[in-house]
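Worksheet: one structure, shown below.
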Amino acid sequence: MDQKKIKDIIEDNREKEGSLLPILHAINSSYGYIDKSIIPIIAHSLNITEAEVSGVLSFYHDFKTKPPSKNIIKLCMAEACQSMGCNDLYLKISNLINNDNNTSIEKVYCLGNCSLSPAAIINNKYFGRLTLDKVTEFLYNEDK
Amino acid sequence: MKISKVFIPDDSSSLSVGSEETFLAFNDQLESESIDIIRTGSRGLFWLEPLIEFETEIGRVGFKNVSNNEVGKILTEFEQHPNYIGLIDEIEFLKKQERVTFANCGKYNPLSVDDYIKNGGLTGLKKALTLNQEQLTEVITKSGLRGRGGAGFPTGIKFKTVLNAVAEKKYIVCNADEGDSGTYADRMLMEGDPFLLIEGMVIAGITVGALKGYIYLRSEYPEAFTKLKNSIDIAKSKNIIGSNLLGSNKSFDIEVRLGAGAYICGEETALLESLEGKRGQIRSKPPLPAYEGLFGFPTAVNNVITLATLPIIISKGFNFYSSLGSRNSRGTLTIQLTGNIKNGGLIEVPFGIKLREVLYNYGMGTLSGRPIKAVQVGGPLGAYWSEKLFDTPLDYETFQENGGMIGHGGIVVFDDNIDLRFQAKFAMEFCSIESCGKCTPCRIGSVRGKEILEKIIFGDNVEKNIKLLLDLCDIMENGSLCAFGGLIPIPVKSAIENFKEDFIN
Ligand SMILES: Cc1cc2nc3c(=O)[nH]c(=O)nc-3n(C[C@H](O)[C@H](O)[C@H](O)COP(=O)(O)O)c2cc1C
Ligand code: SF4
Ligand code: FES
């Protein structure tokens, strides 16, 4: 991770009230993850302890500490999607991407698309009434 | 048919079934014509999405489920096309509703202040600027408005507490964390009519004497984030927010902040911790946020729908609002009908409508065509009910008397393929994933609860384990610090009570 860029992100946000979350979000969305090696930089800049930064980093599901895969399928596993078969779909998708190192699946709980369940976000695109065929087709086009 | 305008939604739900591709196709086809294409929010008739509307000489007409490759045919066949559904205002599902807060959602470009004003926008705020703070709290109290985030706390009383608290500064915090499964009304409003929320927040700010408002938005809603940011910028440029807003001596600013994927941050004290840049852990109450909230200052934390309803209450008067509803549940409820349902969508009607009417007269039964076996009302902490409770009217009091809760108004429908043992297990599992970890009954209890349910599903000592599970539920109900651990036993116990046959066979 580029230390200069990290410092710029911190500078851009430090005047905000409660600036730690906006900073972590900005880093996470630029790199897809937050390398633990930059915890001291953030802690030092905000004048808080490294433990506080680590604590926040590990509390929230959005913040990742490892580089993400190229394709990310966030499948909703909450009740409305369960009623339309997301548990079964999860198994089928997991099977589909079993040998695909570029693609990972992540369970999320409600995407606010519950009248068109099962729902997912794949590579930042919303999907409703999701089927295995739609996933296969989308991934095929992404990898072309 | 002569088309003068085309309306295409860009609400996340409609995007999820291809409305962007449909837009691109229309854009291509209409390139050489002088027909405007307007992106709108959604009407909330989700089973019809992408729902495309044309403005014509007879009014606004619709075409349902328009995929990009139907566009050419629609433009040549018009009302002969099989997806033509006639006048939008005549669609039964919409016509039967009494939309108040969602009256304009989906009708116009959500980022057009002109359209907003043409449809009654800013009348509430302008009137609020002529009233003093006591008068404002009185109108809001008399309207009977109660918080739509789940707890149903009277909004006027909360505002009065914040107003009367003596402090150097105060805050308005809009709770847009909308974590409950089976709900999306906040999202729909923020994407479809964001100025209404902004106007509501300014009114709230003037009422309690706050100069700054935060919207805490869940990160799962990137479209809403963009819409909110843009509408705040526009509102600033038009002096709807900022200093001396609309030429008055009042000032108010709004900033959006993103959550980071934690259900518990919907609970108001965890939300405040998160806004302060900390782990989203629950604070013990007292003090209430109304006395010591964000950074220790008096704060009114309110749900999106609560705040977005203020402009209408102020402009139309408290009587208009309080005359709707049943018992102590005044005004309208925004029901989100979801899951295995034929016609799923947003239904805004006065409190008091029967569950059965929602499921069958609006929803038209399950999408799978099989019988409805269970519904869960009120999100992941809501009760599982069977057919025998379907005649319950939807209001806070009657639901509570029957062991349920309305919460944020989500209804999830399941057909007879569902086995309630798995739903009970999921409730405990969800609690173990999303617990903030502060207290033992919730942090450890949920894990044990899940393990016991696994044994029950396996058929191991079922009766003994059910008894153990009910004991655990008791401990969680009575020993948890917040309503998450305290209410998660509701789906578990209601599943056992209303669907005994699934547990004991
Ligand atoms: C576990 C839990 C999750 C909650 N999630 C939300 C939420 O996502 N959105 C919301 O508005 N309120 C939520 N609440 C309710 C808030 O704590 C609070 O009561 C509400 O924001 C107050 O606003 P209102 O009076 O306008 O409803 C939640 C409560 C609990 C216990
Ligand atoms: S009940 Fe659960 S979520 Fe609430 S304070 Fe305790 S551990 Fe945290
Ligand atoms: S429950 Fe899956 S999108 Fe809401």
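Note on naming: letters A, B, ... go to the chains in the order of the sequence lines (proteins, then strands), and numbering restarts at 1 for each one.
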### Message
For A:L111, which atoms come within 4.5 Å of any heavy atom of chain B: side chain, backbone, both, or neither?
### Response
both

### Side chain / backbone / both / neither for A:K74 at chain B, heavy atoms under 4.5 Å
neither

### Message
When you measure from the side chain of A:S83 to the backbone of B:N340, do you find a donor-acceptor pair of N or O atoms at a distance under 3.5 Å?
### Response
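A pair under 3.5 Å: yes.
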
### Query
So, the side chain of B:R279 versus the backbone of A:G55: is there a donor-acceptor pair under 3.5 Å, distance only?
yes

Heavy-atom cut-off 4.5 Å, strictly under: side chain, backbone, both or neither for [X] against chain A?
X: B:L258; answer: both
X: B:F422; answer: neither
X: B:L367; answer: side chain
X: B:I433; answer: both
X: B:E20; answer: neither
X: B:D180; answer: backbone
X: B:S368; answer: neither
X: B:Q423; answer: side chain

### Query
Looking only at heavy atoms, which two atoms of B:G344 and A:S115 are closest? And how far apart?
C-OG, 3.6 Å

### Message
Minimum heavy-atom separation for B:T183 and A:C114, please, with both atom names.
### Response
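Taking every non-hydrogen atom into account, N-SG, 3.6 Å.
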
How long is the gap from [atom1] on [X] to [atom2] on [Y], to the nearest 0.5 Å?
X: A:M84; Y: B:T338; atom1: CE; atom2: OG1; result: 10.5 Å
X: A:M77; Y: B:F430; atom1: CE; atom2: CZ; result: 12.5 Å
X: A:R129; Y: B:F46; atom1: CZ; atom2: CZ; result: 11.5 Å
X: B:S16; Y: A:L116; atom1: OG; atom2: CG; result: 5.0 Å

### Message
Centroid separation under 6.0 Å, is that true for the rings of A:Y109 and B:Y263?
### Response
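Centroid distance B:Y263-A:Y109: not below 6.0 Å, so no.
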
### Query
Below 4.5 Å, heavy atoms only, C-beta onward: do A:L21 and B:E276 meet side chain to side chain?
no

### Task
Output yes when B:E21 and A:K125 qualify as a salt bridge under the 4.0 Å nitrogen-oxygen rule, no when they do not.
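Counted as a salt bridge, because a side-chain N and a carboxylate O are separated by less than 4.0 Å.
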
### Task
Could you tell me whether A:N141 atom CG has more than 12 heavy atoms of other residues or ligands within 6.0 Å of it?
yes

### Message
Using side-chain hydrogen bond (donor to acceptor under 3.5 Å, both in side chains), reason through B:S219 and A:Y60 one step at a time and then give a plain yes or no.
### Response
CA-CA 11 Å; B:S219 59; A:Y60 296 97; over 6 Å; no

